[in-house]
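Written below as structure tokens is the structure these notes are about.
Numbering of ligands and ligand atoms starts at 1, following listing order.
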Amino acid sequence: MNIIRDVLKPISKGMKITMRHFMEPKDTVSYPEAHKEQFPRTRWRHVLLRYENGLERCIGCSLCAGACPVRCILVVAADNTDEVRYSPGERYAERYEINLLRCIYCGYCQDACPTGAIVLREDYELADYTRDSFIATKEMLLEPLPVRDEVAQTAK
Ligand code: SF4
Ligand code: SF4
């Protein structure tokens with residue numbers, strides 16, 4: 001065995017590579033304390049959006065469910081009334097659920113939605129402990145009311 005050729009040269013080559021990368025900026029972050037910035041078109045957890053006046057964008061049309069290639073969206077629509085209105089349209093989604101275990105995050109639901117109600121955003125922290133927690137309900141998906149509406153509701 002040649003000590004120089006078989007031992008020292010490979011070690012020195014490895015150390016050179018290590019030292020070169022040691023001086024470069026890091027690609028990793030100290031997760032979960034730090035998070036990497038996501039690309040603008042990242043598609044992770046869904047959000048059901050509202051209009052600025054607080055009404056839900058979703059009109060319960062089920063086009064998202066029809067476009068979903070893995071059939072993981074459930075929409076149950078109901079009628080708005082003059083007394084109780086959730087969306088500007090005739091109907092709203094009384095029940096809206098996505099099975100996140102089946103979802104492949106393709107974004108077809110977002111593309112199919114005529115009102116821009118369902119969007120996939122940058123929240124990628126999807127891990128959980130039970131299978132049930134991966135059924136994202138309407139309450140989990142719907143974005144909060146605008147602050148002024150929360151204040152108005154509290155004042156009632
Ligand atoms: S992202 Fe794709 S798979 Fe997931 S709910 Fe939407 S259409 Fe279905
Ligand atoms: S999210 Fe969009 S496509 Fe799906 S039911 Fe609501 S309005 Fe229709």
Side-chain angles (χ1 to χ4, degrees), residues 14 17-18 20-156:
I17 293 171
T18 303
R20 193 169 71 236
H21 288 292
F22 187 71
M23 305 307 284
E24 287 175 354
K26 284 188 210 158
D27 281 330
T28 54
V29 297
S30 183
Y31 181 83
E33 289 79 23
H35 295 75
K36 278 196 120 174
E37 191 181 345
Q38 298 293 298
F39 290 105
R41 294 181 65 191
T42 293
R43 294 192 304 242
W44 284 112
R45 187 186 283 279
H46 311 66
V47 179
L48 275 174
L49 297 178
R50 294 178 186 272
Y51 289 104
E52 279 185 9
N53 62 5
L55 286 177
E56 297 167 14
R57 281 177 174 263
C58 180
I59 51 174
C61 67
S62 292
L63 285 177
C64 52
C68 179
V70 295
R71 298 286 181 261
C72 69
I73 303 179
L74 170 75
V75 183
V76 178
D79 289 336
N80 284 302
T81 61
D82 290 338
E83 294 76 36
V84 186
R85 173 163 292 281
Y86 293 91
S87 74
E90 280 179 29
R91 304 210 293 169
Y92 71 99
E94 186 177 46
R95 195 172 156 202
Y96 192 102
E97 289 177 6
I98 301 179
N99 183 340
L100 296 177
L101 288 176
R102 288 176 66 180
C103 176
I104 55 172
Y105 301 91
C106 62
Y108 283 6
C109 49
Q110 175 175 299
D111 294 343
C113 181
T115 61
I118 186 78
V119 291
L120 282 77
R121 289 275 168 89
E122 66 282 354
D123 179 10
Y124 57 86
E125 294 182 304
L126 305 174
D128 216 319
Y129 293 100
T130 63
R131 295 182 71 82
D132 286 350
S133 59
F134 287 95
I135 306 298
T137 61
K138 181 178 171 184
E139 292 67 32
M140 293 158 73
L141 296 165
L142 194 60
E143 70 174 349
L145 279 165
V147 173
R148 63 176 184 282
D149 292 341
E150 280 179 342
V151 171
Q153 283 199 343
T154 315
K156 278 180 194 169

task: Spell out the protein N/O/S atoms under 2.8 Å from atom 2 (Fe) of ligand 1 as residue plus atom name.
output: Cys106 SG
With atoms numbered from 1 as shown, which atoms in ligand 2 lie under 4.0 angstrom from a non-hydrogen atom of [X]?
X	answer
Pro114	3 (S)
Thr115	7 (S)
Cys58	1 (S), 5 (S), 6 (Fe), 7 (S)
Ser62	5 (S), 8 (Fe)

- prompt: Does Ala65 approach ligand 2 within less than 4.0 angstrom via side chain, backbone, both or neither, non-hydrogen atoms only?
  reply: neither
query: Just heavy atoms, cut-off under 4.0 Å: does Ile59 contact ligand 2 by side chain, backbone, both, or neither?
result: both
- prompt: Please walk me through it: do Ile98 and Ile118 pass side-chain contact (heavy atoms from CB on, under 4.5 Å)?
  reply: CA-CA 11 Å; Ile98 301 179; Ile118 186 78; 4.1 Å; yes
In the structure I gave you, are the side-chain heavy atoms of [X] and [Y] within less than 4.5 Å of one another anywhere?
X	Y	result
Val119	Glu143	no
Tyr108	Ile73	no
Leu100	His46	yes
Lys138	Glu94	no

message: side-chain contact (heavy atoms from CB on, under 4.5 Å) for Cys106 and Val70? Distances and angles first, verdict last.
response: CA-CA 10 Å; Cys106 62; Val70 295; over 6 Å; no
message: As an exercise, identify every atom of ligand 1 less than 4.0 angstrom from a heavy atom of Ile73.
response: 5 (S)
- request: Starting from the C-alpha separation in whole Å, work towards a yes-or-no answer on side-chain contact (heavy atoms from CB on, under 4.5 Å) for Leu48 and Tyr96.
  value: CA-CA 9 Å; Leu48 275 174; Tyr96 192 102; 3.9 Å; yes
Closest approach of any protein heavy atom to atom 8 (Fe) of ligand 2, naming residue and atom: Cys61 SG, 2.2 Å
Heavy atoms from other residues, nucleotides or ligands near CD of Glu90 exceed 12 (cutoff 6.0 Å): no
message: Taking backbone and side chain together, does Cys113 place any N/O/S atom at a distance below 2.8 Å from atom 2 (Fe) of ligand 2?
response: yes
message: Below a 4.0 angstrom heavy-atom separation, can you tell me which part of His46, side chain or backbone, both or neither, approaches ligand 1?
response: side chain
